[in-house]
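For reference, the structure discussed in these notes is given below.
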Amino acid sequence: MATTETFPAPGAPSADGVPLLDVEDLHVEFRTRDGVAKAVNGVSYTLQEGETLAILGESGSGKSVTAQAVMGILDSPPGFITGGAVRFRGQDLLLLPEAERRAYRGRNISMIFQDALSSLNPVFTVGWQIGEMFRIHEGLSRRQAKARAVELMEQVRIPAAKERVNDYPHQFSGGMRQRIMIAMAIALDPDVLIADEPTTALDVTVQAQIMELLHDLQVERKMGLILITHDLGVVADVSDKISVMYAGRIMEKALVHDIYARPAHPYTKGLLESIPRLDMKGQELAAIKGLPPSLTRIPPGCEFNPRCPYAQQICIEQRPPLYEVVPGRYSACHFAEEVLSGSI
Amino acid sequence: MAASDPATDRAATRAPSRNGEVVLEVDELVKYFPLTTGIVFKKHVGDVKAVDGVSFELHRGETLGVVGESGCGKSTLAKLLILLERPTSGRALFKGKNIYDAKGRHFKALRRNIQIIFQDPYSSLNPRMTVGDIVGEPFDIHPEVAPRGDRRRRVQELLDVVGLNPEHINRYPHQFSGGQRQRIGIARGLALRPEIIICDEPVSALDVSIQAQVMNLLEKLQDEFGLSYVFIAHDLSVVRHISDRVAVMYIGKLVEVGTHEQIYEHPSHPYTQALLSAVPVPDPSVRGQRQQIILTGDPPSPANPPSGCRFRTRCWKATEKCAEEVPALVVRPGTDHPAACHYAAVREDVVVQH
């Protein structure tokens, strides 16, 4: 890990052209009694150093499953990775045996979860749990590990860290617990941090604190950040680029400004229009009709066609590929140009 | 506008747009939950001051939004209003009569008139009952509303009203998605044709695209049946969209009350300002353009709230006066709506038009 060299601007590929993280055509399915649920169907994205990629989607869109597959913590069975590659600086992690894979977790790719309370062990002190990272990965003694834990708690701005290092998770508030999760995740100075709905369970004022902390840590450590969320507001505030997921696929990807200014997929358009806005006060919200499909029965053709206001015969017959509409913008819609130009 | 006359202060909290009659008048409502120690001999060691002196009026056909963070007492307020909890003190007048004095027949009639929609459509529906049984259960308790033979038809009508297929009357809750379950909860709330519905975070558990569907439905039903809503939520943009007036709550007390324009465009209480500025705006082009107030620390515990103003421990304007004197919810000079702050002043740089 180069920490003293000058870093390229966020989003620029590193000197050798290999992206930090490269997920290619990832497929994940869950084999359940009710049939095979295709949770992820060909997801690809890349992440560069210092860049923030937001993965936006509703429940069941496959955004968390993708992250679990990348992190290598998918429950298997019932979950199976049936295709694709996850390359970290060019090395395909899916080809590695579990023992080698484990070395990457925490040190290179690390993750924080939505529910900090159930992600922490209630019977150990937080200092012990943060210190575990150092004891196991770096072989530090208990005393050394605890000292490092205090340092980390200070870095994530937990007041009176020296005293609180011996407290148990239940003695902390929701925001403070999330800070402890963040401390554990950044302990080994990872290159990629995956944050799965990090602020969904928190109040708005605390959410603002946590997002500020994540942003500062990212800038300080030049981490690549993958932010998984359903909140269109959080995405707009912090991310560089967005991938919008629906029914296990990426429907649209683009830079954050482009997507909000002018979406190129009817689903993204529908999502943006369904947020209550000031000028819509007193009017009906433009809701997307219907429900997301069941992952065991994904409709033929375009996954979104039963709910799409612009659906034509071709949308039922042919599944649109994710193609480049204009340079740097991708959309999986047969009518992407028309949606983008606003002509339909 | 100098305001010391309580009569003008009260007038300011009334809805200017919808001048319907007052259906519910809440007056200094207080709910303390006792904290005890000991197993055999309980010793009273303090109180969780969940709701501590809340007053407001609700008009016919109006939506009053109540916003606040977790632990501020908004759900306890909901339970008080639907008579699931009895207040420690204070009263709530439904058409002039205190609901907490009602007994027997009157009590039952009140239960009919004030209904609730819960947050979690997964735990608020009995998984062993069919949709028909769930929506029809209120008729078992209040048989005067629908005669026996008529019930099935009435339930199907209700399902139709909330946008569900009336043929699904024999299905069970697990066969429906989250948004559809919330519609079942709404149909049950509507069954007795209430005048007031307390909505306790009705869309918080739903995805954005489904949330919009349910909000549209709630607005449609309000117009159709002349319902009054108390709409409790933590999502400020949802509350802004649906509310005529908004009350902001912080640790058991209302800190600011006004029309949605007054609260969202001219917030005068520091907490409201911080809350508004903390909401992420779904528009990347305003990034860095607005003032973001990031509060330090967490809200204090309602078991041991700070003296004087409860927000003072996180407030950047706090002085000694704030620790000594509890600020009253009144209209302050330079503002046009009541705020419980000694130093209330309109601040517009936290507001983003989107």
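Just so we're on the same page: letters track the sequence lines, and every chain starts at 1. It should be emphasised that the depicted structure is a prediction, and the values quoted were computed from it without experimental measurement.
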>> Is there a side-chain contact between B:Met215 and A:Pro276 in this structure, where contact means two heavy atoms from C-beta onward sitting under 4.5 Å apart?
In response: yes
> Which of the residues A:Val204, A:Asp203, A:Val206 is involved in the greatest number of heavy-atom pairs with chain B at under 4.5 angstrom?
Replying inline: A:Asp203
> Counting heavy-atom pairs under 4.5 Å to chain B, which of A:Val238, A:Leu271, A:Asp237 comes out on top?
Replying inline: A:Asp237
>> If you define the side chain from C-beta out and look only at heavy atoms, does anything of B:Ser209 sit under 4.5 Å from A:Arg307?
In response: yes
>> Using every non-hydrogen atom in the two residues, find where B:Pro284 and A:Val256 come nearest and quote the distance to one decimal.
In response: CG-O, 3.7 Å
> Side chain, backbone, both or neither: which part of B:Ile242 has a non-hydrogen atom closer than 4.5 Å to chain A?
Replying inline: backbone
>> Set out, in order, the CA-CA distance, both residues' side-chain angles and the distance that settles side chain to side chain contact (heavy atoms under 4.5 Å, CB included) for B:Gln211 and A:Ser274, then state yes or no.
In response: CA-CA 8 Å; B:Gln211 194 172 317; A:Ser274 60; over 6 Å; no
> Would the number of heavy atoms belonging to other residues, nucleotides or ligands and lying under 6.0 Å from CD of B:Glu167 be above 12?
Replying inline: no
> Taking all atoms of both residues into account, what is the closest heavy-atom pair of B:Pro280 and A:Val234, and its distance?
Replying inline: CB-N, 3.5 Å
>> For B:Ser70, which atoms come within 4.5 Å of any heavy atom of chain A: side chain, backbone, both, or neither?
In response: both
> So, do A:Thr205 and B:Arg314 sit near enough that their side-chain heavy atoms are less than 4.5 Å apart?
Replying inline: yes
>> Would you compute the distance between atom CD of A:Gln207 and atom CD1 of B:Ile294 and round it to the nearest 0.5 angstrom?
In response: 10.5 Å
> Quick one: what part of B:Leu295 sits under 4.5 Å from any heavy atom of chain A, side chain, backbone, both or neither?
Replying inline: both
> Side chain, backbone, both or neither: which part of B:Thr296 has an atom under 4.5 Å from a heavy atom of chain A?
Replying inline: backbone
> Looking at A:Glu212, A:Glu58, A:His230, which one has more heavy-atom pairs under 4.5 Å with chain B than the rest?
Replying inline: A:Glu58
>> Would A:Leu285 and B:Gln213 count as a side chain to side chain contact (heavy atoms under 4.5 Å, CB included) here? Give the steps.
In response: CA-CA 8 Å; A:Leu285 289 170; B:Gln213 295 175 358; over 6 Å; no
> Do the non-hydrogen side-chain atoms of B:Pro282 and A:Tyr260 ever get within less than 4.5 Å of each other?
Replying inline: yes
> Can you name the nearest heavy-atom pair linking B:Ile210 to A:Pro292, along with the distance?
Replying inline: CD1-CD, 4.4 Å
> Considering residues, nucleotides and ligands other than B:Lys317, do more than 12 of their heavy atoms fall under 6.0 Å from its NZ?
Replying inline: yes
